[in-house]
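Accompanying notes for the structure given below.
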Amino acid sequence: MRKYIFTFIVCLCAVQMSAQTPAAALVDKYKEMKGARNLVAGKTIVRLVRPLMKDYQIAPLAHKVEELSVLRIDNASPEVRDRFLRDLKIVFDQYVFGGQSVTRNGTVDAYVHMTSEDTADELVVYNPRLYALYSVSGKFTREELEKIQKKP
């Protein structure tokens, strides 16, 4: 009996560790491609940069951010970028479009990965000019997400 319980726990841990959002899986797929640049900031680094987030539109979510991730493939080959764009379209079909914003680096699109009607676990921003995918992970409420649409 102990053997079955141990096997069950190991399987449960493996499933939990492999559970990730579609955008995170896309980042994992492309982060090692030639010309790709990937940065992931975990809880410790996020804690240090959280005060800086208060100066940006993301401020209403800053206190709940658990991980920041950036993937840029602007230096990748045209074939890799084309494949990435096809995969990105499939990924974004699983997200809710949050709108567009004009930044100094061009117009960006925002998408939200909803875990239920009222909560999300990821906010993703894509900059097509830079081929850059920015991801902010945490547990966010619908109200918090709606606040970031308003300019401070």
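What you see is a predicted model; the values in this text were computed from it and never measured.
- When hydrophobic clusters are built by joining Ile, Leu, Val, Met, Phe, Trp and Tyr residues whose side-chain heavy atoms come closer than 4.5 Å, directly or via intermediates, F92 is grouped together with F97.
- The two residues Q94 and P22 have their closest heavy-atom pair at OE1-CG, 3.2 Å.
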Inset, instruction - Determine, step by step, whether L133 and V70 satisfy the side-chain contact (heavy atoms from CB on, under 4.5 Å) criterion, reporting the C-alpha distance in whole Å, the side-chain angles of both residues, the deciding distance to 0.1 Å, and the verdict. - result: CA-CA 6 Å; L133 187 68; V70 179; over 6 Å; no
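- Closest non-hydrogen pair, I73 versus V80, comes out as CD1-O, 4.5 Å.
- Put simply, CD on E67 and CG on D121 are 11.5 Å apart, with the number rounded to the nearest 0.5 Å.
- Take R72 and apply the salt bridge (charged side-chain N to carboxylate O under 4.0 Å, His left out) test, not counting sequence neighbours, and it matches D74.
- For the pair V40 and S69, the tightest heavy-atom approach, listed with the atom from each and the gap, is CG2-OG, 4.1 Å.
- With contacts defined as side-chain heavy-atom distances shorter than 4.5 Å, the pair R81/R86 does not qualify.
- The heavy-atom pair separating Y126 from L85 by the smallest distance is OH-CD2, 3.2 Å.
- Contact record, V124 with A23: CG2-CB, 3.9 Å, taken as the closest heavy-atom pair.
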Inset, instruction - With side-chain contact (heavy atoms from CB on, under 4.5 Å) as the test, would you mind laying out the steps for T141 and D118 before giving the verdict? - result: CA-CA 6 Å; T141 65; D118 295 320; over 6 Å; no
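- A distance of 10.0 Å separates CG of L71 from CE of M33, quoted to the nearest 0.5 Å.
- Taking the six-membered ring where tryptophan is involved, the planes of Y95 and H113 are tilted, since the angle between them lies from 30° to 60°.
- Inspection of the Y30 and D87 side chains reveals an N or O donor paired with an N or O acceptor under 3.5 Å.
- A side-chain donor from one of Q20 and D28 sits under 3.5 Å from a side-chain acceptor of the other.
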Inset, instruction - Take L26 and F84 through the side-chain contact (heavy atoms from CB on, under 4.5 Å) test and state the conclusion after the steps. - result: CA-CA 8 Å; L26 183 71; F84 174 78; 3.6 Å; yes
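- V91 and L123 end up in different hydrophobic clusters when Ile, Leu, Val, Met, Phe, Trp and Tyr side chains are linked at under 4.5 Å.
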Legend entry - Test log, rule side-chain contact (heavy atoms from CB on, under 4.5 Å), inputs R142 and M114: CA-CA 9 Å; R142 181 176 293 278; M114 302 299 292; 3.6 Å; yes
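- Put simply, OG1 on T119 and NZ on K139 are 8.0 Å apart, with the number rounded to the nearest 0.5 Å.
- For the residue pair T21/E122, the side-chain donor-acceptor check at 3.5 Å is satisfied.
- V27 and L88 end up in the same hydrophobic cluster when Ile, Leu, Val, Met, Phe, Trp and Tyr side chains are linked at under 4.5 Å.
- Side-chain heavy atoms closer than 4.5 Å link hydrophobic residues (I, L, V, M, F, W, Y) into clusters, and following such links, even through other members, never connects V125 to V136.
- Clustering ILVMFWY residues whenever any of their side-chain heavy atoms sit less than 4.5 angstrom apart, transitively, puts Y134 in a cluster other than the one holding L145.
- Distance alone, capped at 3.5 Å, places no donor-acceptor pair between the D109 side chain and the N127 backbone.
- Nearest heavy-atom pair, R129 versus R104, reported as atom, atom and distance to 0.1 Å: NH1-O, 4.1 Å.
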